[in-house]
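In what follows, chains carry the letters A, B, and so on, assigned in the order in which the sequence lines appear, proteins first and then strands, with residues in each chain numbered from 1. We use all heavy atoms of the structure for the numbers below, so side chains are in, but hydrogens, waters and symmetry mates are not.
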Amino acid sequence: MTGVTPREETETGNEISHFILDEITKDVGPGGRMEGLTVHTRFPPEPNGYLHIGHAKAIVIDFGTAEIFNGLCNVRMDDTNPEKEDVEYVEAIKEDVHWLGYDWGDRFYYASDYFEEVYQQAEELIEKDLAFVCEQTPEEMRIARGTLTTPGTESPWRYRPKEESLDLFRRMRAGEFPDGTYTLRAKIDMTSGNINLRDPVLYRIQHATHDRTGDDWCIYPMYDFAHPIGDAIECITHSLCSLEFEDHRPLYDWVIGNCSVPSKPRQIEFARLNINYTVMSKRKLRQLVEEGLVDGWDDPRLPTLSGLRRRGYTPRAIRDFCERNGVSKVDSMVDIKFLEHCLREDLNNRAPRAMAVLDPIKLTITNYPEGKSEIFLVDSMPNNPEAGKHEVTFSRHLLIERDDFMIDPPKKYYRFFPGNKVRLRGSYIVECTGYNTDESGEIIEVLAEYDPETSGGSAREGERIRGTIHWLDEMTAVKAEVRLYDNLFTVENPDASELDYHELLNPDSLTVIENAYVEPWLKEDRSHIGYQFMRTGYFIHDCHDTTDEKLVFNRSVALRDSYNPDK
RNA sequence: UGGGAUGUAGCCAAGUGGUAAGGCACGGGACUUUGACUCCCGCAUUCGCAGGUUCAAAUCCUGCCAUCCCAGCCA
């Protein structure tokens with residue numbers, strides 16, 4: 001038979017090629033160690049926090065790899081430590097994986113599903129004289145483990161008769177001993193340069209109620225023991241994980257090799273994702289949430305999937321980002337600008353356009369009759385006529401962006417200034433004739449005259465209008481709150497800083513604009529993945545705070561802006 | 001004086017003995033009823049460093065340097 005040839009493209013259209021695919025191709029191909037097997041991967045989160053974009057990379061690799069080989073990918077909650085885990089997170093994790101666009105079918109599992117089988121394997125190991133019950137205290141064990149440069153020393157309990165270990169282990173399970181008094185340890189090699197092989201703990205006593213198994217157990221297996229067995233039981237062919245597990249692989253292989261399991265999965269490691277100006281560790285994210293420095297796990301400034309979702313990121317943009325970053329073993333730090341690029345690219349093709357004025361100033365069309373009003377039809381997406389059109393109303397009193405007017409502009413400023421003509425997108429070309437100030441000299445109104453012959457915004461024959469400005473009809477505009485976001489941290493790598501992370505927080509990461517205005521249809525419309533407010537960025541309704549009475553928009557990402565007055 | 005990995009542009013990243021892909025960022029230009037989008041152009045005489053093998057080296061060999069991970073009864 002011939003080997004399975006990986007598909008070269010994903011749904012997002014990216015050509016995927018990396019070393020893991022190469023390895024798997026060899027494994028399942030002719031003469032490979034898994035010749036002819038269906039590729040089967042798994043995504044194994046610990047339910048102790050919310051998923052972030054680093055997990056998205058893992059999900060894209062786990063599910064994407066299975067997809068490429070026409071295989072399967074399971075989801076398995078790694079719930080072997082009841083003290084740290086909570087069911088609260090399970091549903092959130094499911095939602096995030098689905099939201100990203102992946103489906104595990106009927107293969108949603110828990111490591112705890114296998115507690116009985118894992119236990120049986122432990123007994124078998126004891127009988128094979130490959131594991132023993134140890135009575136060292138945590139402190140004694142730490143000392144006996146040795147250091148990075150000196151070998152460890154064997155536990156005094158290492159050579160106790162296996163019958164005794166078996167009896168003790170059963171009594172551990174029966175709940176006869178308090179936490180910390182006994183452990184089950186693998187009998188490997190206390191002199192190994194790889195500390196994971198210095199008789200690692202396989203089981204510890206923990207009188208804790210488990211979310212799924214309740215009080216059935218008072219001993220729980222360690223990750224290094226439960227994980228390979230879980231993989232093998234599910235007949236996972238390739239167990240893909242991050243780099244820090246690289247030196248656990250010999251132990252993974254030891255467990256697979258010495259236990260009676262139905263398959264022999266292969267672990268392959270890849271570098272986890274880092275992005276500058278943010279943090280990715282669950283610990284730090286939790287801290288930000290618990291200290292109230294952000295508005296919950298789904299704060300739009302956070303790199304959590306729920307935060308990105310609320311910010312207006314699309315699953316497609318995130319998948320695209322992960323795929324285009326590639327997969328390698330190099331510790332890397334990806335530029336957040338690339339993430340933003342992926343979002344803009346997706347939204348540019350799919351988000352309808354609207355006009356919104358974030359910082360309004362009045363514009364009065366002095367030669368347009370008071371009380372008169374007309375309706376213009378504008379393309380919802382100029383680059384895609386099939387997206388249709390929508391109405392905008394025009395009248396004497398309009399709103400424009402405050403920085404679209406200057407009394408004394410620099411060169412190449414194409415917007416409003418006395419004497420200049422600009423196009424009010426979709427309606428008319430107008431000439432700025434002046435402005436009014438209040439007692440303090442503050443500009444409160446811009447004045448202009450419209451040219452009736454430019455209806456729809458088309459210029460007169462031979463005339464070139466450089467500036468096109470967005471605007472709203474004061475009569476029909478709807479008030480909205482708009483939230484602008486910037487990086488949460490002021491430094492590229494907060495983790496590497498010696499300063500306390502509180503000092504690294506960007507004080508301007510959130511800007512709330514209370515009195516912005518938007519086109520009225522945005523009050524009802526919720527049918528789109530996001531909107532482009534022309535010339536200002538991509539926005540989405542805030543899913544928490546938008547109500548029937550109040551509109552709240554989050555800026556997902558600003559538009560690129562090449563305007564540079566200094567040039 | 002341990003073990004495991006990794007070094008290709010500002011950031012990702014292809015490349016597997018035949019003469020440095022691509023993307024992001026950046027700079028320039030064209031187009032434009034979004035200073036957006038799109039489109040062109042530019043952006044590593046050199047692959048951590050030093051030797052060596054070869055007609056030919058980012059790719060092979062030797063030595064060195066730098067960075068990351070590991071001493072939880074966490075995952």
Side-chain angles (χ1 to χ4, degrees), chain A residues 14-15 17-18 22 44-46 48 78-81 83-85 111 134 136-138 141-143 145-152 179-185 191-198 200-206 219-220 222-224 226-227 241-250 269 271 273 276 282 324-342 344-345 348-349 353 355 378-379 382-383 412-415 423-427 429 454 456-459 465-470 492 532-537 558-564:
Chain A
N14 297 312
E15 287 187 17
S17 163
H18 54 76
D22 295 345
E46 183 185 18
N48 69 341
D78 221 331
D79 59 348
T80 57
N81 187 351
E83 281 171 11
K84 295 199 172 177
E85 293 137 13
C134 184
Q136 285 183 313
T137 65
M141 205 182 288
R142 187 177 60 75
I143 292 164
R145 188 154 32 231
T147 71
L148 294 178
T149 52
T150 59
D179 289 6
T181 49
Y182 293 85
T183 56
L184 180 73
R185 292 228 257 165
T191 66
S192 174
N194 182 344
I195 291 179
N196 295 301
L197 264 24
R198 317 240 263 229
V201 171
L202 264 21
Y203 262 94
R204 77 283 213 182
I205 299 173
Q206 229 177 111
I219 57 172
Y220 292 94
M222 303 291 289
Y223 165 86
D224 281 317
H227 201 82
C241 63
S242 45
L243 246 33
E244 68 266 30
F245 293 103
E246 210 151 17
D247 40 75
H248 291 241
R249 189 177 353 122
E269 311 84 13
L273 173 68
N276 56 14
K282 278 188 190 173
R324 290 169 68 182
N325 269 326
V327 180
S328 74
K329 301 187 70 155
V330 186
D331 285 305
S332 62
M333 173 87 78
V334 177
D335 195 337
I336 184 123
K337 285 191 158 84
F338 184 53
L339 211 211
E340 295 175 344
H341 166 82
C342 291
R344 287 194 193 100
E345 197 168 85
N348 178 49
N349 294 320
R353 270 92 236 235
M355 293 193 283
V378 297
D379 285 323
N383 53 357
K412 293 191 178 174
Y413 181 84
Y414 305 136
R415 291 112 93 157
R423 173 185 293 108
L424 292 176
R425 177 181 187 260
S427 58
I429 287 166
T454 58
S458 13
I465 301 298
R466 286 300 302 263
T468 299
I469 298 313
H470 61 278
E492 282 210 40
Q532 187 198 98
F533 291 173
M534 295 191 88
R535 304 209 300 139
T536 60
L559 252 32
R560 279 186 51 186
D561 182 9
S562 62
Y563 175 62
N564 181 354

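Comparing C24(B) with U19(B), their P atoms sit 26 Å apart, to the nearest whole Å. A66(B) and G22(B): their P atoms are spaced 34 Å apart (whole Å). With both ends at atom C1', the span from C60(B) to U54(B) equals 9 Å, rounded to whole Å. Taking atom C1' in both C41(B) and C31(B), the straight-line distance is 15 Å, to the nearest Å. Rounded to the nearest Å, the gap between the P atom of A56(B) and that of A14(B) is 29 Å. Taking the P atom of each, A57(B) and G17(B) are spaced 14 Å apart, rounded to whole Å.
The side chain of Arg324(A) has C24(B) as its nearest neighbour among C74(B), C73(B), C24(B). With distances taken from any side-chain atom of Lys84(A) to the nucleotides C12(B), G35(B), G72(B), the minimum falls on G72(B). In this structure, of G35(B), G23(B), U34(B), it is U34(B) that holds the atom nearest to the side chain of Gln532(A). Checked against C12(B), G2(B), A5(B), the side chain of Met333(A) finds its nearest nucleotide in C12(B). Which of A75(B), C12(B), C37(B) sits closest to the side chain of Tyr223(A) comes down to A75(B). With G35(B), C73(B), U16(B) as the candidates, the nucleotide lying closest to the side chain of Asp22(A) is U16(B). Here G2(B) is the nucleotide among C24(B), G2(B), U34(B) with the atom lying nearest to any side-chain atom of Thr149(A). Side chain of Glu244(A), nearest nucleotide from U6(B), A75(B), G35(B): A75(B).
Look at Arg249(A) and you won't find any side-chain N or O under 4.0 angstrom from OP1 or OP2 of C69(B). Between G72(B) and Arg145(A), a contact under 4.0 Å exists linking OP1 or OP2 to a side-chain N or O. Listed pair Arg535(A) / G35(B) meets the phosphate criterion, a side-chain N or O lying under 4.0 Å from OP1 or OP2. Remark: Thr137(A) is not in phosphate contact with C73(B), judged by side-chain N or O atoms under 4.0 Å from OP1 or OP2. Considering only side-chain N and O atoms, His341(A) lies under 4.0 angstrom from the phosphate OP1 or OP2 of C24(B). The phosphate of C73(B) (OP1 or OP2) has no side-chain N or O of Arg185(A) nearer than 4.0 angstrom. Close to A36(B), at under 4.0 Å from its OP1 or OP2, lies a side-chain N or O of Ser562(A).
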Treat primed atoms plus P, OP1 and OP2 as sugar-phosphate and everything else as base, then score nucleotides 39-44 of chain B 5' to 3': B for base contact with protein heavy atoms under 4.0 Å, S for sugar-phosphate contact only, - for none.
------
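Within the 4.0 angstrom heavy-atom criterion, base atoms lie near Arg423(A). If you check every strand for non-hydrogen atoms under 4.0 Å, His248(A) touches a base.
For U34(B), the base has no donor-acceptor partner in the side chain of Arg425(A) [N/O atoms by modelled type, under 3.5 angstrom]. Between the side chain of Arg142(A) and the base of G72(B), no donor-acceptor pair under 3.5 Å is found. Counting distance only, with no hydrogens placed and no angle test, the side-chain atoms of Asp247(A) and the base atoms of G3(B) include a donor-acceptor pair under 3.5 Å.
At a cut-off of 3.5 Å, with distance as the only test, no side-chain donor of Asp247(A) or Asn194(A) sits close to an acceptor on the other residue.
In this structure, Phe245(A) and His248(A) have perpendicular ring planes: the angle between them is above 60°, well past the 30° mark.
The glycosidic torsion of G72(B) lies within 90° of 0, placing the base in the syn range.
At least one cation-pi condition fails for Arg204(A) and Tyr182(A): the charged atom is not both under 6.0 angstrom from the six-membered ring centre and inside a 45 degree cone around its axis.
Remark: ring of Phe338(A) not stacked against base of G23(B); the cut-offs of centroid gap under 5.5 Å and plane tilt under 30° are not jointly satisfied.
Among residues two or more places apart in sequence or in another chain, the salt bridge (Lys or Arg N to Asp or Glu O under 4.0 Å) test is passed with Glu492(A) by none.
Between the CE atom of Met534(A) and the CD1 atom of Ile469(A) there is a distance of 11.5 Å, given to the nearest 0.5 Å.
Among the duplex regions that RNA chain B forms, those built from at least three successive Watson-Crick or G-U pairs under 3.5 Å are B:2-7 with B:65-70, B:10-12 with B:22-24, B:26-30 with B:38-42, B:48-52 with B:60-64, ordered by first number.
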